[in-house]
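As structure tokens, the structure follows; a few thoughts come after it.
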Amino acid sequence: MCGIGCCLAQAACCLTGQACACCCSACNSSVTTRLMYTIYLLMGVGVSFLMLIPSVQTSLMKIPGFDKFCQYIGAQSNCSLMVGYTAVYRLMFAFTAFFFLLALLMIGVKSSKDIRSKVQNGFWFFKLLVLIGICVGAFYIPNPTTFANVWFYFGLVGGFFFILTQLFQLVDLAHIWNKLWIVNYNEGDGALAWFIGLCVFMTTFFVGALTIFIVILVHYANESHCVVNKAVVSINFILCVAVSILSILPQVQNANPRSGLLQSSFISLFVMYLTWSAFSNEPPTDGLYCGPPDTIVKINDSEIIGIIVGVLIAIVTITYTSLRSVSSEDPAPGQFCCCCGPIEEGEVVVTATDGDTAEKGKVVDNEVDNVSYSYTLYHCMLMVASLYLMMTITEWSSPSAASVDSTTSRSWAAVWVKISSSWFCIIIYVWTIIAPIVLPDREFPT
């Protein structure tokens, strides 16, 4: 019940800050703020998917005056350019612009004493109105085809940077996961259960990576002309095996106790997923296509799965970033609930009603002296996340028409963005496990 109440209260924060205080006895403002921005982005994702539903597109076409609106913005009689993929482009353009404006506004904020922090951590209803206004304005951008083609390249760049952000967060998550379970195995009760859990997840991830490798060989690298696919998937598979062996070498284990097969299996699965995702967006070359024949023109089940998985990974990454600063120490009973954390000594307690102290419903301002995260960098992360989600929902394609059932212009640029991202993933992970050996004089978290 606590979790449900917290989520409902968090959603109600859109209308009033008092609702935030209802979810538990004490909430860190820095965490609830990031959760709210995540909820905003999730709402955008939901509306984007709605714009791809054929029945929604048909209903929009029946709105009186919609044809005149199409002519006004330059779509002329082709109102289909205002729904489908192009609508997703416009919607995520609005979210990108919203987070970009906030990133500019929050440059140099050092503590909650800065007046701009009030905008960052409050005024949710008015910020929602501003966001809606930008979304509406985005649909008045003229020349839909030109806009989509230009914004596609912005999406490529932003998507690439968000994938890099994902890599850092997923590597960090894998290390923390392994550390917690190893500690519970060595010091906690039920050591055998923790050991079995580690083995089960590790095996599942490795089997998943191997399964994707086989699927790519069978469906995307089975023709003689698919030389690039064969080379890339082979290289990535060899790299995954290599980093798995590297992670358990005695030298690495002595220098970095956090290293282990759980992380390498997790990273291997993500690398093979990126490889498969890249090949699923591969365009034909000289009339020859590498992949299932039914994926050349329209979306099939595997691509729908790819879209869903990509969006879910992005949501997990954003949510993990939002909750990352929560203390790992055990909170007092009743003091930790979804978005809340324990009140640390020295923190200033401010209630949701202009600072009046209350027995419960307290909101902890934990940024009086220093902000717990960079406001500008966080909004930059949400900005590139919006671009990544736009590219994922639209299959990393520049639409030649707005309908989901129509053909899309696949690009080799999108393919190589994902392939290069998989290599960056390997590089980042390798650095995390060999850094203590290369830089023995520096201290690294254990």
Closest contact, heavy atoms only, [X] versus [Y]:
{"X": "Leu91", "Y": "Gly44", "value": "CD2-O, 3.5 Å"}
{"X": "Asn229", "Y": "Ala221", "value": "CB-CB, 4.1 Å"}
{"X": "Thr33", "Y": "Gln120", "value": "CG2-O, 3.3 Å"}
{"X": "Ile313", "Y": "Leu170", "value": "CG2-CD1, 4.4 Å"}
{"X": "Ser264", "Y": "Val243", "value": "CB-O, 4.3 Å"}
{"X": "Ile216", "Y": "Val233", "value": "CG2-CG2, 3.6 Å"}

Ignoring hydrogens and angles, tell me if any N or O in the side chain of [X] forms a donor-acceptor pair with the backbone of [Y] under 3.5 Å.
{"X": "Thr376", "Y": "Met106", "result": "yes"}
{"X": "Thr203", "Y": "Val200", "result": "no"}
{"X": "Gln253", "Y": "Ser247", "result": "yes"}
{"X": "Thr319", "Y": "Val316", "result": "no"}
{"X": "Asp172", "Y": "Phe168", "result": "no"}
{"X": "Arg116", "Y": "Ile107", "result": "yes"}
{"X": "Lys127", "Y": "Gly122", "result": "yes"}
{"X": "Tyr429", "Y": "Gln263", "result": "no"}
{"X": "Ser280", "Y": "Ser277", "result": "yes"}

Spacing of [atom1] belonging to [X] relative to [atom2] belonging to [Y], to within rounding of 0.5 Å:
{"X": "Thr392", "Y": "Ile308", "atom1": "OG1", "atom2": "CD1", "result": "12.0 Å"}
{"X": "Leu261", "Y": "Leu198", "atom1": "CG", "atom2": "CG", "result": "10.0 Å"}
{"X": "Phe279", "Y": "Ile212", "atom1": "CZ", "atom2": "CD1", "result": "12.5 Å"}
{"X": "Phe270", "Y": "Ile267", "atom1": "CZ", "atom2": "CD1", "result": "8.0 Å"}
{"X": "Met390", "Y": "Phe93", "atom1": "CE", "atom2": "CZ", "result": "10.5 Å"}
{"X": "Phe160", "Y": "Tyr388", "atom1": "CZ", "atom2": "OH", "result": "13.0 Å"}

Between Phe162 and Leu387, does a side chain to side chain contact (heavy atoms under 4.5 Å, CB included) hold up when you go through it step by step? CA-CA 8 Å; Phe162 182 74; Leu387 292 170; over 6 Å; no
Given Tyr375 and Tyr373, is the ring-ring contact (aromatic ring centres under 6.0 Å, His included) satisfied, shown in steps? CA-CA 6 Å; Tyr375 292 172; Tyr373 65 101; 5.1 Å; yes
Any side-chain heavy atom of [X] sitting closer than 4.5 Å to one from [Y]?
{"X": "Val47", "Y": "Phe95", "value": "no"}
{"X": "Phe154", "Y": "Thr96", "value": "no"}
{"X": "Val227", "Y": "Lys230", "value": "no"}
{"X": "Tyr378", "Y": "Arg34", "value": "yes"}
{"X": "Leu101", "Y": "Ile134", "value": "yes"}

Intermediate values then yes/no, ring-ring contact (aromatic ring centres under 6.0 Å, His included), Tyr37 and His379: CA-CA 9 Å; Tyr37 286 119; His379 287 300; 4.8 Å; yes
Phe195/Cys199 under side chain to side chain contact (heavy atoms under 4.5 Å, CB included): CA gap, chis, key distance, verdict: CA-CA 6 Å; Phe195 177 75; Cys199 292; 3.6 Å; yes
Side chain to side chain contact (heavy atoms under 4.5 Å, CB included) evaluation trace for Leu249 with Leu246: CA-CA 5 Å; Leu249 290 178; Leu246 179 65; 3.7 Å; yes
Can you spot which of Phe206, Trp276, Phe213 makes a ring-ring contact (aromatic ring centres under 6.0 Å, His included) with Phe237?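 Output: one option passes, namely Phe213.
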More than 12 heavy atoms of other residues, nucleotides or ligands under 6.0 Å from CZ of Phe49: is that the case?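 Above 12, so yes.
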What do the steps show when you test Val271 against Leu239 for side chain to side chain contact (heavy atoms under 4.5 Å, CB included), and what is the final call? CA-CA 9 Å; Val271 167; Leu239 289 174; over 6 Å; no
Tyr320/Trp177 aromatic ring centres below 6.0 Å: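 Here the rings of Trp177 and Tyr320 have centres that are no less than 6.0 Å from each other.
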